[in-house]
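Counting convention: from 1, in listed order, for ligands and their atoms alike.
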Amino acid sequence: MLHTALRNRSNTPLLVKGEDVTQQVNAELNKMEIFVEKVRNGQYCGYSGKSITDVVNIGVGGSNLGPQMVTEALKHISRDKIKSHYISNVDGTQIAEVLRPLDPERVLFIVSSKSFSTIETMTNAKTARQWMSSAAFDDKSIDNQFVAVTAKPEKAMADGFSENRIFKIWDWVGGRFSLWSAIGLPIALDLGFDKFIELLEGAHEMDQHFKTAPLEQNAPVIMALVALWNTTFLGCQSQAILPYDQTLHMLSAYLQQAEMESNGKSVSWNGEAIDYPTVASIWGGVGINGQHAFYQYLHQSKNIIPADFIGTVESATKVRGHHTPLMANFFAQTQALMTGVDEAQVRKDLKAKGRQADFINNLAPHKVHEGNRPTNTILLKKLDTWTLGSLIAMYEHKIFVQGILLQICSFDQWGVELGKGLAVKIQNELHHGELNTHHDSSTQHLIEYYQKYKQAKSS
Ligand code: G6Q
C-alpha cells in the first residue's frame with residue numbers, strides 16, 4: 001500500500017508500474033483545491049442558486065471513519081463556513097436524522113466509495129437522491145449536488161456522475177489509510193484546502209521520521225515493539241486508547257478499524273497458521289469519561305490492559321480553569337497504573353486517618369492496586385492540523401511495523417468478506433419473502449421469526 005505517496009510533500013517521483021503516482025496525486029489534489037475553493041466561496045451552488053452550507057459524506061468504514069474523526073478533531077479551527085455530516089449506517093434512522101434539519105437547496109452530498117459497490121453506501125446514496133428529487137421537482141437540476149470519490153470512476157459514471165464530479169483514488173490506497181486522498185474531501189471542505197495540506201504535511205514529517213530515525217528513537221517502531229511485547233509475549237488481549245483531549249473523541253473508533261482490520265489475522269503472509277496472538281482488540285474513549293466508567297477495570301481487574309494516554313500541553317479551546325484539572329488527571333492515572341499501592345501503604349494511610357484495626361483489616365485488600373500496568377504517554381504540544389496528521393501517520397507506521405514483526409499481511413481484510421457475501425444472499429431472500437433451507441438451524445429460525453412477524457405486521 002502506498003498511502004505515504006498521498007502526502008509526499010517533497011514531490012519526489014514514485015513509480016508504480018512505470019507511472020509516477022506523485023503526479024497523479026498532485027493532479028487530483030489540484031482538482032480538489034479548485035472544487036473546495038468554489039464551494040467555500042459560494043460559487044458552487046445548489047439547484048436553486050443558493051450557496052452550499054452543508055456537506056453530507058455518504059460512505060462507510062475507511063470511507064467514513066478517517067474524515068469523520070479528523071473533522072471532529074479539528075472542529076475548533078473550522079470557521080463553520082461549511083458544516084459536515086456523516087452517513088455510514090444503512091439503518092434508515094441515521095439518514096433520516098441527518099437530513100431532517102438540512103435544507104436541500106444548500107446541501108452537497110459526497111458519495112465516497114473506493115469500490116463504488118458497497119451496498120450500504122449505494123442504498124444511502126439512492127435515498128439521498130430521492131430526498132433531493134422530491135424537494136427540487138427536477139431530477140437533472142440536482143446533479144451538481146452529488147459528487148463521487150472512488151477508484152472505479154466507470155461505475156460512478158454509469159450511475160450518472162459526470163467526470164468533473166468524480167474525484168479519483170487508486171487501487172493502491174487502502175480504505176482505512178485513505179483519508180489523505182480525495183476520501184478526505186469533507187475535511188478540505190470543512191476546514192479549507194490549506195488546512196488539509198497542513199494535515200498532509202504533518203503526516204509527511206512523520207513519514208520522514210519513520211524512514212530516517214534510528215530504530216531506538218523511531219516512534220512507530222518503539223510503539224510496535226511495545227505492542228508486540230504486551231500482546232504476543234505478555235498475553236494482554238486488549239489495548240485501550242485514552243485521549244485526554246476532547247478533540248480526539250473519535251480516535252479510538254478510528255484506530256479500532258486501522259489496527260484490528262489490519263492485524264487481526266491468524267495466518268502468516270505465506271498462508272500458514274500462526275500460533276501466537278497478533279493484535280490486541282482496540283477500544284477506548286475520552287479519558288475523563290472513562291475514569292468514571294471503566295477505569296476500575298484498568299486498575300484492579302485480573303486482566304492487564306495496556307493503554308495509550310494522549311494529552312496536550314495547550315488546550316484546543318481556551319476555557320479558563322479546565323485544562324489544569326484535566327491534565328492533573330492525565331498524569332495521575334498513568335502514575336497510579338504504573339506504581340499502584342501495596343497493602344502496607346494502604347494500611348499505613350488508613351491508620352493515619354485514625355481508622356480502627358477491624359475496619360483496616362476488612363478494607364485493606366480492596367484498596368490494593370498492583371500497579372505495573374503498562375501505558376504509553378503521548379504528550380502533544382497542541383492538537384492542530386499538523387500534529388494530528390503526524391499522530392495518525394505514527395499509528396499507521398506502527399501498524400505496518402507490527403504486521404512485519406508478526407509476519408502477517410496488514411493490508412487485506414478477508415475477514416469482512418464472508419458475512420458480506422451471506423448478507424447479499426439473505427437480503428435477496430428477505431426481499432422476496434423466501435426462505436432457503438441451506439441455513440444452519442439457528443439462522444434459519446431467526447429468519448423465519450423475522451419473516452413471520454413482518455408478514456403479520458403488514459397484513
Ligand atoms: C478499509 C476496508 C473497509 C472499506 C469499506 C468501504 O480498509 O476495506 O472499511 O473502507 O468497506 O468500502 P468502499 O469504500 O469500497 O465503499
Side-chain angles (χ1 to χ4, degrees), residues 1-6 28 32 56-71 86-91 94-95 109-129 146-159 161 165-187 203 250-265 278-279 281-282 392-393 395-400 402-403 408-424 427:
M1 285 294 137
L2 270 180
H3 43 277
T4 49
L6 299 166
E28 215 52 33
M32 276 171 76
V56 179
N57 189 74
I58 299 179
V60 67
S63 302
N64 159 255
L65 279 165
Q68 189 171 10
M69 184 273 285
V70 171
T71 46
Y86 292 86
I87 296 171
S88 55
N89 196 341
V90 74
D91 184 337
Q94 191 186 31
I95 190 164
F109 289 94
I110 304 174
V111 181
S112 198
S113 176
K114 182 177 166 184
S115 61
F116 224 73
S117 60
T118 303
I119 292 176
E120 294 89 330
T121 299
M122 296 302 124
T123 307
N124 279 323
K126 198 168 150 206
T127 303
R129 181 104 204 166
F146 286 84
V147 298
V149 179
T150 184
K152 299 278 179 256
E154 64 291 351
K155 285 193 183 164
M157 277 171 145
D159 246 13
F161 288 85
R165 289 186 292 111
I166 299 174
F167 295 89
K168 233 185 2 206
I169 57 168
W170 303 269
D171 281 335
W172 47 262
V173 183
R176 54 190 172 277
F177 301 98
S178 65
L179 71 89
W180 323 100
S181 68
I183 294 285
L185 189 59
I187 306 172
M250 276 194 66
L251 185 68
S252 62
Y254 172 79
L255 291 178
Q256 192 167 60
Q257 179 191 29
E259 297 223 16
M260 292 171 78
E261 205 168 71
S262 299
N263 289 337
K265 315 276 162 73
T278 53
V279 74
S281 55
I282 307 285
I392 303 168
Y395 275 104
E396 284 184 347
H397 293 307
K398 171 205 166 186
I399 291 165
F400 167 74
Q402 216 173 330
I408 53 178
C409 176
S410 304
F411 299 109
D412 60 18
Q413 55 281 319
W414 294 108
V416 299
E417 296 301 327
L418 176 63
K420 246 190 192 175
L422 289 174
V424 171
Q427 184 173 339

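Rounding to the nearest 0.5 Å gives a distance of 10.0 Å between CZ of Phe400 and CZ of Phe177. Once rounded to the nearest 0.5 Å, the distance linking CD of Glu261 with OG of Ser410 reads 11.5 Å.
Residue Ser63 approaches ligand 1 through these ligand atoms, each under 4.0 Å from one of its heavy atoms: 10 (O), 13 (P), 14 (O). Remark: ligand 1 atoms within the under-4.0 Å shell around heavy atoms of Gly175 are 1 (C), 7 (O), 10 (O). Close approach to Ser113 involves these atoms of ligand 1, each under 4.0 Å from a residue heavy atom: 13 (P), 14 (O), 15 (O), 16 (O).
For atom 5 (C) of ligand 1, the closest non-hydrogen atom on the protein side is Val60 O, 3.5 Å. At the shortest separation from atom 10 (O) of ligand 1 among protein heavy atoms lies Gly62 N, 2.9 Å. Given atom 15 (O) of ligand 1, the protein heavy atom at minimum distance is Ser115 OG, 2.6 Å. The protein atom (non-hydrogen) at minimum distance from atom 1 (C) of ligand 1 is Glu261 OE1, 3.0 Å. For atom 12 (O) of ligand 1, the closest heavy atom belonging to the protein is Thr118 OG1, 3.5 Å. Shortest contact from atom 8 (O) of ligand 1 to any protein heavy atom: Gln413 CD, 3.5 Å.
The option with the heavy atom closest to atom 11 (O) of ligand 1, from among Lys420, Lys152, Glu120, Arg176, is Lys420.
Across Val111, Asp91, Ile95, Asn89, a single residue satisfies side-chain contact (heavy atoms from CB on, under 4.5 Å) together with Asn124, and that is Ile95.
Put simply, part of Gln257 is less than 4.0 Å from ligand 1, judged by heavy atoms.
The two residues Asn263 and Ile408 have their closest heavy-atom pair at O-CD1, 3.4 Å. Across all non-hydrogen atoms, the minimal contact from Pro67 to Gly62 is CD-O, 4.4 Å. For the residue pair Gly264 and Thr278, the shortest heavy atom distance occurs at CA-OG1, 4.2 Å.
Backbone and side-chain nitrogen or oxygen atoms of Gly61 are examined, and none is located within less than 3.5 angstrom of a nitrogen or oxygen of ligand 1. In terms of polar-atom proximity, Ser112 is not counted as a contact of ligand 1, lacking any N or O under 3.5 Å from an N or O of the ligand. Looking at ligand 1, you'll find an N or O of Lys114 within less than 3.5 Å of one of its N or O atoms.
Side chains of Trp170 and Glu28: no donor on one and acceptor on the other come within 3.5 Å.
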Atom pairs and distances, side-chain donor-acceptor, residues 412-421, under 3.5 Å, sequence neighbours left out:
residue : atom : partner : partner atom : Å
Asp412  : OD1  : Lys265  : NZ           : 2.9
Gln413  : OE1  : Arg176  : NH1          : 2.6
Gln413  : OE1  : Arg176  : NH2          : 3.3

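Here Phe146 pairs with Phe109 under the ring pair (Phe, Tyr, Trp, His ring centres under 6.0 Å) rule; sequence neighbours left out.
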